[in-house]
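Worksheet: the structure to be examined is printed underneath.
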Amino acid sequence: MSSSRIEQIIEEIEEYVESCRYQPLSTTKIVVNKEELEELLRELRMKTPDEIKRYQKIISNKDAILADAQSKADNIIAEAQAQAKELVSQTEIMQQAYAQANETVNAANQQAQGILDSAQQDANNIRMSAISYTDELLANLSQITGNAIAAASESYNAFAGALQSYYDVVNRNRSELSPQGGTSAAAVPASDEPEIPEVTYDDLDDEE
């Protein structure tokens, strides 16, 4: 089976993740380009339904395989029965003719059953392979998407934490410059100070 486009996209995502640089002072957290990763995931979402339909079509071929096998089996039995009738009509020893005809029909039934059993096994193997392959693709997609979300969440939280730290340093410096630790005339009232929102994992889920 040749490599499908969805497999190629998964490989591109894996290569992209591998190429991302690590965050400062970390050997596990990486910095990702959100637009580039979203573009790969968008194409993956578009291709996934086509791949699933492809394997559903493979599974549906099981009925065609069984129908073809049944047709071949019916033809063999009909041919054997015709041959048996011909033997009975042409032979002078009726008992021998009947015995030979029965053997022919039995052999034809066994051959037909063998064809049906083999076709059923082939159809089941195709179905299980298609289901397993599709499930593996979806599992890889789920893992890559989860890793990307986790990495983005950590990046947002780290950025918010850094802003909060700078914000505290600025306020502390203002307080030190004010007379007797009070607020300077140019200081912004406490009620007007900007509030630094905390970025959480749920916020990232809402954006998607």
Side-chain angles (χ1 to χ4, degrees), residues 1-68 119-172 188 192-208:
M1 184 179 294
S2 61
S3 177
S4 64
R5 178 53 187 157
I6 194 170
E7 290 176 308
Q8 295 174 1
I9 298 173
I10 291 175
E11 290 176 358
E12 290 177 10
I13 293 176
E14 291 175 341
E15 291 174 358
Y16 171 73
V17 172
E18 288 294 331
S19 67
C20 291
R21 61 184 178 84
Y22 288 102
Q23 292 184 2
L25 305 179
S26 174
T27 59
T28 57
K29 301 176 182 178
I30 61 174
V31 178
V32 298
N33 185 308
K34 182 180 179 183
E35 292 183 357
E36 186 172 349
L37 185 58
E38 284 180 344
E39 179 62 29
L40 290 171
L41 293 175
R42 186 161 37 249
E43 184 177 0
L44 190 59
R45 281 194 296 268
M46 293 175 61
K47 293 294 181 182
T48 298
D50 293 336
E51 286 294 313
I52 292 176
K53 289 179 181 178
R54 174 186 172 190
Y55 292 105
Q56 286 175 339
K57 183 177 181 181
I58 292 175
I59 293 173
S60 67
N61 285 341
K62 178 188 70 173
D63 295 335
I65 293 173
L66 293 176
D68 181 66
Q120 180 68 53
Q121 183 65 36
D122 290 343
N124 288 337
N125 289 340
I126 290 175
R127 178 177 179 274
M128 293 305 298
S129 296
I131 292 175
S132 177
Y133 183 75
T134 304
D135 181 69
E136 182 180 352
L137 290 178
L138 294 178
N140 289 338
L141 173 60
S142 176
Q143 181 178 2
I144 292 172
T145 305
N147 291 340
I149 292 175
S153 175
E154 292 175 354
S155 298
Y156 272 95
N157 288 335
F159 177 69
L163 288 180
Q164 183 65 50
S165 177
Y166 296 149
Y167 178 75
D168 293 341
V169 170
V170 170
N171 282 341
R172 185 164 55 251
V188 178
D192 295 333
E193 292 179 353
E195 181 180 354
I196 305 300
E198 180 181 357
V199 179
T200 65
Y201 185 79
D202 292 336
D203 294 333
L204 294 178
D205 290 339
D206 293 339
E207 292 182 1
E208 295 187 358

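What you are looking at is a predicted structure, and each value in this text was computed from that prediction instead of being measured. Any value given below was found using the heavy atoms of this structure, including those in side chains, with hydrogens, waters and symmetry copies removed.
Proximity of Leu41 to Leu37: side-chain heavy atoms (C-beta onward) are separated by under 4.5 Å at one or more points. At a threshold of 4.5 Å between non-hydrogen side-chain atoms, the residues Leu44 and Ile10 count as touching. Val31 places none of its side-chain heavy atoms less than 4.5 Å from the side chain of Cys20. Between Ile144 and Glu14, some side-chain heavy-atom pair lies under the 4.5 Å cut-off. Residues Val17 and Asn147 fail the side-chain proximity criterion, which asks for heavy atoms closer than 4.5 Å.
Residues satisfying the side chain to side chain donor-acceptor pair (under 3.5 Å) criterion with Arg42, sequence neighbours excluded, are Glu39. For the side chain to side chain donor-acceptor pair (under 3.5 Å) test, no residue two or more places apart in sequence or in another chain qualifies with Gln143.
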Trace of the side chain to side chain donor-acceptor pair (under 3.5 Å) decision for Gln121 with Asn125: CA-CA 6 Å; Gln121 183 65 36; Asn125 289 340; 3.1 Å; yes
Between Ile126 and Ile65, is a side chain to side chain contact (heavy atoms under 4.5 Å, CB included) present by the stated rule, with each step listed? CA-CA 11 Å; Ile126 290 175; Ile65 293 173; 3.9 Å; yes
For Phe159 and Glu154, run side chain to side chain contact (heavy atoms under 4.5 Å, CB included): C-alpha distance rounded to whole Å, both residues' side-chain angles, the deciding distance at 0.1 Å, then the answer. CA-CA 9 Å; Phe159 177 69; Glu154 292 175 354; over 6 Å; no
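Of the N and O atoms on the side chains of Asn124 and Gln120, at least one donor lies less than 3.5 Å from an acceptor on the other residue. For the residue pair Glu11 and Tyr16, no side-chain donor N or O sits within less than 3.5 Å of a side-chain acceptor on the partner.
Taking CD of Glu12 as the start and CD of Gln8 as the end, the distance is 7.0 Å to the nearest 0.5 Å. For the atom pair NZ (Lys29) and CZ (Arg21), the distance works out to 14.5 Å, reported to the nearest 0.5 Å.
Summarising the geometry of Ile13 relative to Leu40, their closest heavy-atom pair is CG1-CB, 3.7 Å, with the distance given to 0.1 Å.
Looking only at distances, a side-chain donor or acceptor of Thr134 sits under 3.5 Å from a matching main-chain atom of Ala130.
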